[in-house]
J.: 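Below you will find the structure I want to go over with you.
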Amino acid sequence: MKQTAIIVLFSLLAQSNLLAHETNKDSMPQAVCPVVKIQPEQMPSLNTPRSGHHTLCVNGEITVFGGHTSGFVPTPTAEYFKDGAWHQMDMVYTHDAGSALVLKSGKVLLSGGFERGLGIGQSHEVEMYDPKTHTFDGFGCLDTKRASHTQVELDHGKVVIAGNWYHEDAIEMYDGNITFTNVKKVSQQRTLTNVFRIAPDDVIIFGGQDYKGNDFDTIIVDRLKGEPFTDPLFETWKPTHLHISIHNDDSFIGDETKGIYSYLFPVKNKEGQIAIAKSDGMKFSLVPTTSPIPTKFQENTIIYYSQILVDRKAQKGYIMGNDSIHQTSSHIYILCIDYSPMAEGKPCPVTLYYTDPIPEFVDASPLITPQGNLLLTGGTGKKENPSHNFYPLAHVFLFHFGSDEFVATSFLSPIPWLLGSILLLAVAIICIYFFYRQPKQEQTVEKEDEAPKTPDPKEAANAELMQRIHHLVVEEKQFLNSDLCVNLIKGCNFTQYVNGYRIEYAKQLMLKYPDQKANAIGIDSGFANDTSFFRTFRALTGQTPGDWKKQQSSQAETEA
């Protein structure tokens, strides 16, 4: 395919400076974390601006629950994304800064949160969400009223609950039916607590902040079925301050079928340096990385505010960050750790991704999608003086880490970039050389009694395409253009450029074949899957494919 060939070549050029950086890193006194600029895709906005909410993937649908909206007012609504649009639902309660957990049954347990607006008080309220019917059922209440707490399901269907905000804490258990019971006192009153499984029916509980948000001097680890203990790691490294609701299962990297219960979580020392820690049962250790984790970008201090969200298939974890320098905008920072080398005892590569400043952005609720992409929904917005919590956002951003559409530009020093470009150029020339040589070599070994092969139109087209690419990149020296991949045409990156033609082609197919299904139209138009097709179609037209077809039919009837 022509488009595939161009994408591969341009992607290689965009990454050439990273190759040069790796080649030259031995000459550096200390390895430096690669810093990569990334451009998110802005998805359709939520119906309700919200913060303090939860974002989960439930029954194959991205769903957001509760939180508060403009004016710091709790909202008893939820939304799920389907067919390129957000669909709003009414909940029983609000659960602003409450807790949400996807159970093994497929349903979602929602509990607690602020009792009323402005983040005041805590609540006992509990309800269950059924994604198959998109309905909510208020069925019980917590034993201890809570906000900013954490829930984890054990293998026998019971749920452990711990953590609180400005109210006493205790370890609480949901029996899987209707009853919530306090089962044990805690050694420290914590908020946004880590609750990690260490066995099918046991957990450890710890955190870095007390129930008023103050850092602990000493970290004590509680255990559901055992005595509290401390660990030497926490003498130097403390769990980082988390600013949003957490789902500990999203940090799980173990294998419960083999009895391996391992998690990743961020820690910091007194100097403010960030690192990655790992828990294996009741043992804690620091994960070695190929370079220190950046705590500054240019002149901005990076504030990491989330847990580590893990893509277990790709063996990568992500931490969200922002900066506090800009008064009305903030960069989005995403620290990525490739933890696959950890199994061999090798240091894990880390990469810092950043965006251009996003107006009024502070933070958002992150989620790793089933495709391995990172989705941000809602969050708080920045104003000059008032509290951020009064200005929730409806923005939805998608970062393509798991798809072929991901395009990024790395910014390193110009000398390694040039060396990488030259190296890549040499490889490209060799590939082109052998591309042209191959037909001739095959022709010389043909038997005399064989009939000449019919020329393949695709091979001819590819050869012509490669010749044009060679002329553009080499003879016109476009490899020297730093905007080659990001701005192929003014205001449009290469993926957007190609997708524009794909959508126009899809429109023609829908008009010509009105009975053909939309997902088949998307595949025929060059999209890898129907999700990508629906998302791109709505982003470019403001409508779903079905709505666009209906509009065209109505116009045709009116004209007739």
Side-chain angles (χ1 to χ4, degrees), residues 1-11 14 38-47 60-62 80-87 369-377 394-409 458 461 465 468-469 483-559:
M1 294 287 292
K2 293 183 179 182
Q3 295 167 348
T4 302
I6 294 176
I7 290 173
V8 169
L9 184 58
F10 283 2
S11 296
I38 184 173
Q39 179 64 41
E41 177 184 355
Q42 187 151 7
M43 302 286 287
S45 296
L46 298 170
N47 292 294
E61 296 173 343
I62 306 300
Y80 66 94
F81 190 76
K82 186 176 182 180
D83 295 334
W86 291 97
H87 305 272
T369 70
Q371 295 77 25
N373 297 318
L374 183 64
L375 186 77
L376 300 183
T377 63
H395 300 329
V396 179
F397 297 108
L398 183 67
F399 293 85
H400 294 278
F401 288 104
S403 76
D404 294 334
E405 297 179 1
F406 170 67
V407 179
T409 303
K458 292 184 178 179
L465 175 63
R468 291 179 181 178
I469 293 174
D483 289 334
L484 180 63
C485 297
V486 179
N487 292 318
L488 183 64
I489 59 177
K490 186 177 181 181
C492 178
N493 66 35
F494 182 77
T495 301
Q496 294 168 337
Y497 175 73
V498 172
N499 281 345
Y501 282 102
R502 287 174 175 170
I503 294 301
E504 291 304 316
Y505 183 75
K507 290 178 181 179
Q508 296 176 21
L509 292 181
M510 284 191 287
L511 293 176
K512 188 174 182 179
Y513 306 105
D515 295 331
Q516 190 170 358
K517 292 184 178 180
N519 57 353
I521 292 287
I523 298 299
D524 291 343
S525 302
F527 289 94
N529 51 63
D530 54 353
T531 300
S532 179
F533 171 54
F534 278 102
R535 183 183 65 234
T536 306
F537 195 99
R538 185 175 180 88
L540 295 182
T541 67
Q543 299 174 294
T544 64
D547 291 340
W548 185 86
K549 284 175 64 176
K550 291 178 182 178
Q551 184 184 58
Q552 299 303 310
S553 299
S554 299
Q555 290 179 355
E557 292 175 0
T558 302
E559 293 174 359

J.: Testing the basics here: between G372 and F401, what is the closest heavy-atom pair and its distance to 0.1 Å?
T.: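 G372 and F401 have their closest heavy atoms at O-CB, 3.7 Å.
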
J.: Output all residues satisfying ring-ring contact (aromatic ring centres under 6.0 Å, His included) with F81, sequence neighbours left out; order by chain, then residue number.
T.: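 F81 satisfies ring-ring contact (aromatic ring centres under 6.0 Å, His included) with W86 only.
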
J.: Does the pair T369 and F399 meet the rule for a side-chain contact (heavy atoms from CB on, under 4.5 Å), with working shown?
T.: CA-CA 10 Å; T369 70; F399 293 85; over 6 Å; no

J.: Going by side chain to side chain donor-acceptor pair (under 3.5 Å), name the residues that satisfy it together with D83, two or more places apart in sequence or in a different chain.
T.: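 None.
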
J.: With rounding to the nearest 0.5 Å, note down the distance linking CD1 in I503 to CZ in F533.
T.: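 So the CD1 of I503 and the CZ of F533 are separated by 5.5 Å.
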
J.: Using the side chain to side chain donor-acceptor pair (under 3.5 Å) criterion, which residues pair with N519? Sequence neighbours excluded.
T.: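 Side chain to side chain donor-acceptor pair (under 3.5 Å) check on N519 returns nothing, list empty.
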
J.: Could you tell me which residues satisfy salt bridge (charged side-chain N to carboxylate O under 4.0 Å, His left out) with E61, sequence neighbours excluded, listed by chain and number?
T.: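 Applying salt bridge (charged side-chain N to carboxylate O under 4.0 Å, His left out) to E61 gives none.
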
J.: Evaluate the side-chain contact (heavy atoms from CB on, under 4.5 Å) criterion for residues Q42 and F397: first the C-alpha distance (whole Å), next the side-chain angles of each, then the deciding distance (0.1 Å), finally the verdict.
T.: CA-CA 5 Å; Q42 187 151 7; F397 297 108; 3.9 Å; yes

J.: Between the main-chain N or O of S532 and the side-chain N or O of N529, is there a donor-acceptor pair closer than 3.5 Å?
T.: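 Such a contact is found between N529 side chain and S532 backbone.
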
J.: Working to the nearest 0.5 angstrom, can you tell me the gap between E504 CD and L509 CG?
T.: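 These two atoms lie 11.5 Å from each other.
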
J.: Can you tell me how far CG of N373 sits from CG of L375, rounded to the nearest 0.5 angstrom?
T.: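 Separation between the atoms: 9.0 Å.
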
J.: Using the side chain to side chain donor-acceptor pair (under 3.5 Å) criterion, which residues pair with Q516? Sequence neighbours excluded.
T.: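 Per chain and number, Q516 pairs via side chain to side chain donor-acceptor pair (under 3.5 Å) with D524.
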
J.: Who are the salt bridge (charged side-chain N to carboxylate O under 4.0 Å, His left out) partners of K549, not counting sequence neighbours?
T.: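 With neighbours one apart ignored, the set is empty.
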
J.: For residues A518 and F534, report the shortest heavy-atom separation together with the two atoms involved.
T.: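 Shortest heavy-atom separation between A518 and F534 comes out as CB-CZ, 3.9 Å.
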
J.: Can you tell me how far apart OG1 (T531) and CD (Q371) are? Round to the nearest 0.5 Å.
T.: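 That separation rounds to 5.5 Å.
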
J.: Which heavy atom of P44 sits nearest to which heavy atom of G84, and what is that distance?
T.: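 Looking at all heavy atoms of both residues, the closest pair is CG-O, 3.6 Å.
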
J.: To the closest 0.5 Å, what do you measure between NZ (K82) and OG1 (T544)?
T.: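 That separation rounds to 12.5 Å.
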
J.: For the atom pair CG (L374) and NE2 (H400), what is the distance rounded to the nearest 0.5 Å?
T.: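 So the gap between those two atoms works out to 11.0 Å.
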
J.: Step by step, would you call L511 with Q552 a side-chain contact (heavy atoms from CB on, under 4.5 Å)?
T.: CA-CA 8 Å; L511 293 176; Q552 299 303 310; 4.0 Å; yes

J.: State, to 0.1 Å, how close H87 and N47 come at their nearest heavy-atom pair, and which atoms those are.
T.: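 Smallest interatomic distance, heavy atoms only, reads N-ND2, 4.1 Å.
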
